[in-house]
Amino acid sequence: MALVVQKFGGTSVADIDKIKNVAAKVIREKKAGNEVVVVLSAMSGETDKLIALAQKAADSPDAREYDALISTGEQITVTLLAIILNSMGYRAKSFLGFQVKFWTDTAHKKARILAVDTEVIKKELSMGTVVVVAGFQGVDKENNITTLGRGGSDTSAVALAAVLNADQCDIYTDVDGVYTTDPNICSKARRLDKISYDEMLEMAMTGAKVLQPRSVEMAKKYNVPVYVKSTFSDEGGTLVTKEDMDMEREIVSGITYDRDQAKITVTHVPDKPGIAAMLFTPLSQHNIIVDMIIQNASLEGFTDVTFTVSKKDLKDAQKIIQETAKTIDAKNVEVDDQVSKVSIIGVGMASHAGVAAKMFSALSAEGINIMMISTSEIKISCVIQRKYTELAVMVLHDTFGLEKKSS
Ligand code: ADP
Ligand code: ASP
Ligand code: MG
């Protein structure tokens with residue numbers, strides 16, 4: 001008997017018929033003699049609706065109440081699936097984050113999982129129950145409901161697979177695996193049979209929505225093999241696992257994009273020690289993640305500093321940085337919310353020269369201006385105007401020959 005964790009995303013549970021389809025997939029595992037833990041997201045669009053309601057209610061909704069509200073979408077899907085399974089003669093029980101006890105820190109909207117209790121789940125599994133757990137949510141030590149960041153149900157599933165020592169963690173979604181780039185914007189994208197944790201992590205961190213970055217981090221840490229599969233077909237699938245010999249070691253193996261980007265420039269900043277700390281400390285104190293940073297060469301003791309944040313943090317970041325700009329005597333705070341980031345990913349990149357130049361030439365040949373650049377051993381990212389996102393992805397996919405599998 002194996003223990004299987006199955007996670008279904010928003011489009012897989014979008015209505016009652018789709019939840020019945022999920023029930024069929026659960027029953028198939030039960031009939032194969034396995035123990036099954038299911039993790040569900042909210043119906044697609046539901047979390048967005050709840051966020052919009054909170055924003056309509058107040059400009060800056062209280063974080064505790066906000067999390068309690070936006071976590072409710074998952075309560076609907078887990079209970080519906082349990083109702084359907086019970087009506088079909090299968091014992092099933094739904095559990096919210098605080099009922100399992102998904103312990104997290106107190107960082108509302110992006111809480112980190114600290115521990116997961118397994119007692120309740122193990123007891124139910126031993127009685128043959130299908131355990132249906134609400135993804136995306138946890139509880140902190142003060143008993144407040146927390147959420148794990150957008151796409152967080154993936155992380156709930158991998159965390160459960162890790163603590164339960166599951167044999168399998170299947171992430172069911174609306175595509176049949178991980179592709180060289182988003183198959184919904186590039187028809188030439190190619191499905192990968194296997195991908196290493198490191199490459200998947202870079203892809204997720206630079207925008208490939210298919211897995212939440214933290215879920216990949218956790219899978220790597222606890223060595224959980226993750227299968228990305230389609231809810232709607234039995235074909236395909238991608239295994240996310242440790243790097244091994246038969247994995248492709250392409251120079252570039254994937255292209256990603258992230259439209260959730262905004263750029264802030266602080267002009268005429270006095271160029272002296274301590275200024276960067278003064279600019280960025282208040283942002284980190286407000287839990288705002290800064291992605292790329294560039295500082296122009298100093299001219300007569302002054303410089304411009306440009307950085308990017310997530311679009312959803314832009315309003316808060318702008319407010320905070322305007323305050324800081326005053327205290328450090330900078331001139332202006334300029335904002336651009338029409339940017340995207342495109343990235344090329346590949347473990348083989350570290351040992352090859354000229355990859356960056358090839359990327360920049362390909363973008364410039366299309367007249368796409370590069371505003372910011374950042375590099376790591378296995379990634380190069382460029383910030384560009386948002387309207388060129390799809391074009392950039394397709395051009396880079398062609399440039400690095402990702403359509404064809406190399407032999
Ligand atoms: P779910 O609701 O099931 O969690 P998501 O929308 O979060 O699904 O993630 C699946 C989506 O990820 C796909 O529909 C696809 O558009 C997008 N995606 C982006 N990059 C990739 C990629 N490289 N491979 C597969 N899917 C990708
Ligand atoms: N429902 C949450 C979201 O939309 C979590 C998830 O889908 O993974 O972000
Ligand atoms: Mg998702």
Side-chain angles (χ1 to χ4, degrees), residues 6-14 18 22 39-52 66-67 69-78 97 102 109-111 133-138 146-159 170-193 195 199-216 226-232 236-238 240 252-260 310 312 340-346 389-390 393 396-397 402:
Q6 297 182 302
K7 179 260 169 178
F8 295 89
T11 39
S12 310
V13 292
K18 297 224 168 76
V22 166
V39 176
L40 297 185
S41 295
M43 292 178 176
S44 60
E46 189 62 28
T47 311
D48 289 337
K49 262 192 229 156
L50 293 165
I51 290 172
Y66 179 94
D67 267 0
L69 172 69
I70 70 164
S71 64
T72 56
E74 275 71 12
Q75 184 164 357
I76 297 173
T77 51
V78 290
F102 258 88
K109 303 184 198 177
K110 42 187 135 185
V133 180
F136 182 51
Q137 53 182 266
T146 54
T147 60
L148 310 178
R150 298 306 304 270
S153 303
D154 297 328
T155 307
S156 311
V158 174
D170 294 340
I171 305 286
Y172 286 94
T173 184
D174 57 1
V175 286
D176 65 353
V178 179
Y179 280 70
T180 48
T181 193
D182 185 347
N184 286 323
I185 72 159
C186 178
S187 58
K188 292 178 178 172
R190 175 170 55 84
R191 190 174 51 74
L192 303 164
D193 292 331
I195 183 169
E199 278 181 317
M200 189 65 241
L201 186 58
E202 285 290 353
M203 286 190 68
M205 289 206 301
T206 52
K209 267 199 324 176
V210 63
L211 287 174
Q212 199 202 32
R214 280 180 186 174
S215 71
V216 188
V226 172
Y227 289 88
V228 178
K229 298 179 175 178
S230 164
T231 308
F232 308 106
T238 299
V240 187
V252 173
S253 55
I255 314 287
T256 56
Y257 65 94
D258 186 356
R259 291 196 187 92
D260 178 29
S310 161
K312 67 178 183 323
S340 279
K341 180 170 74 176
V342 288
S343 308
I344 59 174
I345 318 291
T389 312
E390 284 87 353
V393 167
L396 293 173
H397 200 267
L402 295 187

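Values below: all heavy atoms of this structure, side chains included; hydrogens, waters and symmetry mates excluded. Just follow the structure's listing: the first ligand is 1, and inside any ligand the first atom is 1. The shown structure was predicted, so the numbers you read here are calculated from the model rather than taken from an experiment.
Residue Thr173 holds the heavy atom nearest to atom 5 (P) of ligand 1 of all those in Thr173, Thr256, Thr47. The closest heavy-atom contact to atom 22 (C) of ligand 1, among the options Phe8, Tyr172, Tyr179, comes from Tyr179.
Here is the list of ligand 1 atoms found below 4.0 Å of a heavy atom in Ala208: 19 (C), 20 (N). Close contacts between ligand 1 and Gly9 involve ligand atoms 1 (P), 2 (O), 3 (O), 4 (O) [criterion: under 4.0 Å to a heavy atom]. For ligand 2, the atoms closer than 4.0 angstrom to any heavy atom of Gly151 are 3 (C), 5 (C), 6 (C), 8 (O), 9 (O). Of all atoms in ligand 1, listed by their number and element, those nearer than 4.0 Å to a heavy atom of Met203 are 23 (N). Per-residue contacts place Arg150 under 4.0 angstrom from the following atoms of ligand 2 (heavy atoms of the residue considered): 3 (C), 4 (O), 9 (O).
Without hydrogens or angle criteria, Gln212 side chain to Arg150 main chain gives a donor-acceptor distance under 3.5 Å. Panel note: side chain Thr181, backbone Ile255; a donor-acceptor pair is recorded below 3.5 Å. Ser343 places no side-chain N or O within donor-acceptor distance of the main-chain N or O of Thr256, the cut-off being under 3.5 Å. No donor-acceptor distance shorter than 3.5 angstrom exists from the side chain of Thr77 to the backbone of Met43, with no hydrogens or angles considered. Between the side chain of Ser230 and the main chain of Val175, no donor-acceptor pair closer than 3.5 Å is present. Checking side-chain atoms of Ser215 against main-chain N and O of Asp154 turns up no donor-acceptor pair under 3.5 Å. Looking only at distances, a side-chain donor or acceptor of Gln137 sits under 3.5 Å from a matching main-chain atom of Ser71.
Contact between Glu46 and ligand 2 is absent, with no heavy atom of the residue lying under 4.0 Å from the ligand. Residue Pro183 places a heavy atom under 4.0 Å from ligand 1. In this structure, Gly73 falls outside the shell of residues with a heavy atom less than 4.0 angstrom from ligand 2. Using a 4.0 Å cutoff on heavy atoms, Gly9 does not count as a contact of ligand 2.
Scanning all protein heavy atoms for the shortest distance to atom 25 (C) of ligand 1 gives Gly177 O, 3.3 Å. The protein heavy atom nearest to atom 7 (O) of ligand 2 is Ser41 OG, 3.1 Å. Taking atom 15 (C) of ligand 1 as the reference point, the nearest protein heavy-atom neighbour is Asp182 OD1, 3.3 Å. In this structure, the protein non-hydrogen atom closest to atom 13 (C) of ligand 1 is Asp174 OD1, 3.4 Å. Of the protein's non-hydrogen atoms, Lys209 O, 3.6 Å is the one closest to atom 7 (O) of ligand 1. Here the protein heavy atom with the shortest distance to atom 9 (O) of ligand 1 is Val210 CA, 3.5 Å.
For Tyr227, the OH atom counts as loosely surrounded, since its 6.0 Å shell holds 12 or fewer non-hydrogen atoms of other residues, nucleotides or ligands.
For Ile70 against Leu50, the heavy-atom pair with the smallest separation is O-CD1, 3.9 Å. Shortest non-hydrogen contact noted between Tyr172 and Thr231 is CB-OG1, 3.4 Å.
At least one N/O-N/O distance between Gly10 and ligand 1 falls below 3.5 Å. For ligand 2, the polar-atom distance check against Gly149 finds no nitrogen or oxygen pair separated by under 3.5 Å. Where the criterion is an N or O separation shorter than 3.5 Å, residue side chain and backbone included, Glu74 meets it with respect to ligand 2. An N or O contact shorter than 3.5 Å links Thr47 to ligand 2 by distance. The shortest N or O to N or O distance between Asn184 and ligand 1 is below 3.5 Å.
To the nearest 0.5 Å, atom CZ of residue Phe102 and atom OG1 of residue Thr155 are 9.5 Å apart. The distance from atom OG of Ser253 to atom CD of Glu202, rounded to the nearest 0.5 Å, is 10.0 Å. In this structure, Ile171 CD1 and Thr238 OG1 are separated by 12.0 Å, a value rounded to the nearest 0.5 Å.
Of the heavy atoms in Lys7, only side-chain atoms (C-beta onward) come closer than 4.0 Å to ligand 1.
Looking at Asp67 and Thr147, their side chains do bring a donor and an acceptor atom within 3.5 Å of each other.
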